[in-house]
Trainee: 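Below: one structure in structure tokens.
Start at 1 and go down the list; that is how both ligands and their atoms are numbered.
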Amino acid sequence: MALGWRDTGLHYGKITRALHWAMALLFLWQFFGMGLRLLLGRTPLVSFFVGTHASIGTLLMTLALIRALWGLSNLRNRPAHEGGLVGTAARLGHLGLYTLMLIVPLLALLRAYGSQRGAAIFGVPVIPGAPEKINWLVNAGNAAHGLLAWCLLAMVVGHIGMVIIHRTIWKDNVLNRMAGRPLVAAE
Ligand code: HEM
Ligand code: HEM
């Protein structure tokens, strides 16, 4: 069975898969860079990653927005979560991932605005500085951006852990919904 552009009841289609895997790589970049910053402090390699952080983060927020709208428009036409506790946990887990994928970069961009520094995204000064410093935006970003970003990483680790459990213990085909050639048989 060929993989179509849109999702079906059995598999995610090409667009959902492209967004999922491209964003997974960009998140890896983001967390790898920030992990190095914590481990090594200021080095030229860390500065390189820090220099790409706001741009890649804003790209991720834009892609998350597109993905959420695409997901909503495909809601009735994508693999359903199972019933019971496991299905509810999966639904809540995915909802939590979306919430953090949007809120984490938004907090940082609002902080950039509120701090009057603004932000250049891929060299273009997209976010201006506020006319006056907005303390609560700066404080919210300082308190929550990094913390919630690490929570997002913890949820991603849980997400990958569940895919491994599905595959090795429950031996169902959940991974096949997002990767590989679609099987015709129901999962
Ligand atoms: C989804 C996208 C993003 C992720 C996953 C992410 C992740 C992170 C992480 C893990 C840290 C390290 C926190 C720590 O040191 O404990 C951090 C710090 C930082 N991020 Fe992001 N970030 C994202 C988007 C952005 C954007 C769009 C900006 C734009 C201005 C930004 C600006 C910063 C700054 C200035 C810091 C250092 C201060 C702080 O820790 O809050 N980030 N980010
Ligand atoms: C090695 C890394 C990853 C693997 C193996 C993986 C695997 C999967 C699989 C098999 C599904 C389908 C689950 C189902 O239908 O119930 C899925 C869905 C999903 N994954 Fe991942 N994933 C990975 C990384 C990530 C990352 C980094 C994020 C976000 C930060 C993410 C967010 C999601 C979301 C939100 C869904 C629900 C479908 C959607 O709206 O796109 N995944 N993933």
Trainee: At a non-hydrogen distance cut-off of under 4.0 Å, which region of A149 contacts ligand 1 (side chain, backbone, both, or neither)?
Mentor: side chain
Trainee: Just to confirm my output: which protein heavy-atom neighbour is closest to atom 5 (C) of ligand 1, and how far is it?
Mentor: F31 CZ, 3.7 Å
Trainee: Heavy-atom contacts under 4.0 Å between H166 and ligand 2: side chain, backbone, both, or neither?
Mentor: neither
Trainee: Could you tell me whether some N/O pair between T16 and ligand 2 is separated by less than 3.5 angstrom?
Mentor: no
Trainee: Any nitrogen or oxygen of N142, main chain or side chain, under 3.5 Å from a nitrogen or oxygen of ligand 1?
Mentor: no
Trainee: Identify, for atom 3 (C) of ligand 1, the protein heavy atom at the shortest distance, and state residue, atom and that distance.
Mentor: Q30 NE2, 3.7 Å
Trainee: Using distance alone, determine whether H53 and ligand 1 share an N or O pair under 3.5 Å.
Mentor: yes
Trainee: Nearest protein heavy-atom contact for atom 11 (C) of ligand 2: which residue, which atom, what distance?
Mentor: M178 CB, 3.9 Å
Trainee: Select the closest option to atom 36 (C) of ligand 2 among M162, H94, M155, judged by heavy-atom distance.
Mentor: H94
Trainee: Where the closest heavy atom to atom 37 (C) of ligand 1 is concerned, which of M34, R37, M61 has it?
Mentor: R37
Trainee: Are H20 and R17 close enough that some pair of their side-chain heavy atoms sits under 4.5 Å apart?
Mentor: no
Trainee: Please could you name the atoms of ligand 1 that F27 approaches to less than 4.0 Å, counting only its heavy atoms?
Mentor: 1 (C)
Trainee: Heavy-atom contact under 4.0 Å between R78 and ligand 2?
Mentor: yes
Trainee: Which residue and non-hydrogen atom of the protein lie closest to atom 6 (C) of ligand 2, and at what distance in Å?
Mentor: H20 CE1, 3.5 Å
Trainee: Is there a heavy atom of R111 sitting under 4.0 angstrom from any atom of ligand 1?
Mentor: yes
Trainee: Does the side chain of V104 come within less than 4.5 Å of H145's, by heavy atoms?
Mentor: yes
Trainee: Which residue and non-hydrogen atom of the protein lie closest to atom 26 (C) of ligand 1, and at what distance in Å?
Mentor: A108 CB, 3.6 Å
Trainee: Looking only at distances, please establish whether an N/O atom of ligand 2 is found under 3.5 Å from an N/O atom of H81.
Mentor: no
Trainee: Can you check whether W21 has an N/O within less than 3.5 Å of an N/O in ligand 2?
Mentor: no
Trainee: Closest non-hydrogen protein atom to atom 29 (C) of ligand 2, residue and atom name please, with distance?
Mentor: M101 SD, 3.9 Å
Trainee: What's the shortest distance from atom 23 (C) of ligand 1 to any protein heavy atom, and which residue and atom give it?
Mentor: H145 CE1, 3.3 Å
Trainee: Would you mind checking which non-hydrogen protein atom is closest to atom 1 (C) of ligand 2, with the distance to 0.1 Å?
Mentor: I160 CD1, 3.8 Å
Trainee: When you measure from atom 15 (O) of ligand 2 to every protein heavy atom, which one gives the shortest distance, and what is it?
Mentor: R177 NH1, 2.9 Å
Trainee: What protein heavy atom lies closest to atom 7 (C) of ligand 2? Include the residue and the distance to one decimal.
Mentor: V163 CG2, 3.6 Å
Trainee: Apply side chain to side chain contact (heavy atoms under 4.5 Å, CB included) to V156 and F31, showing your working.
Mentor: CA-CA 11 Å; V156 168; F31 285 116; 5.5 Å; no
Trainee: Applying a strict 4.0 Å limit to heavy atoms, is R67 in contact with ligand 2?
Mentor: yes
Trainee: Show which atoms of ligand 1 fall inside a sub-4.0 Å distance from at least one heavy-atom site of T58.
Mentor: 27 (C)
Trainee: Can you find a heavy atom in the side chain of M178 that is under 4.5 Å from one in the side chain of T16?
Mentor: yes
Trainee: Which residue holds the protein heavy atom closest to atom 13 (C) of ligand 2, what is that atom called, and what is the gap in Å?
Mentor: V174 CG1, 3.7 Å
Trainee: Give the numbers and elements of all ligand 1 atoms closer than 4.0 Å to a heavy atom of G146.
Mentor: 13 (C)
Trainee: What protein heavy atom lies closest to atom 40 (O) of ligand 2? Include the residue and the distance to one decimal.
Mentor: Y98 OH, 2.5 Å
Trainee: Please identify which atoms of ligand 1 are closer than 4.0 Å to at least one heavy atom of G57.
Mentor: 2 (C), 24 (C), 27 (C)
Trainee: For V126 and T58, what are the C-alpha separation, side-chain angles and deciding distance, and is it a side chain to side chain contact (heavy atoms under 4.5 Å, CB included)?
Mentor: CA-CA 10 Å; V126 176; T58 307; 6.0 Å; no
Trainee: Grab the two heavy atoms, one from G87 and one from H81, that are nearest each other, plus how far apart they are.
Mentor: O-CB, 3.9 Å
Trainee: If you have a sec, work out which protein heavy atom is nearest atom 14 (C) of ligand 1 and how many Å separate them, to one decimal?
Mentor: W150 NE1, 3.4 Å
Trainee: Heavy atoms, side chains only, cut-off 4.5 Å: are K133 and V138 in contact?
Mentor: yes
Trainee: For atom 27 (C) of ligand 2, tell me which residue out of L26, V156, L28, V86 has the closest non-hydrogen atom.
Mentor: V156
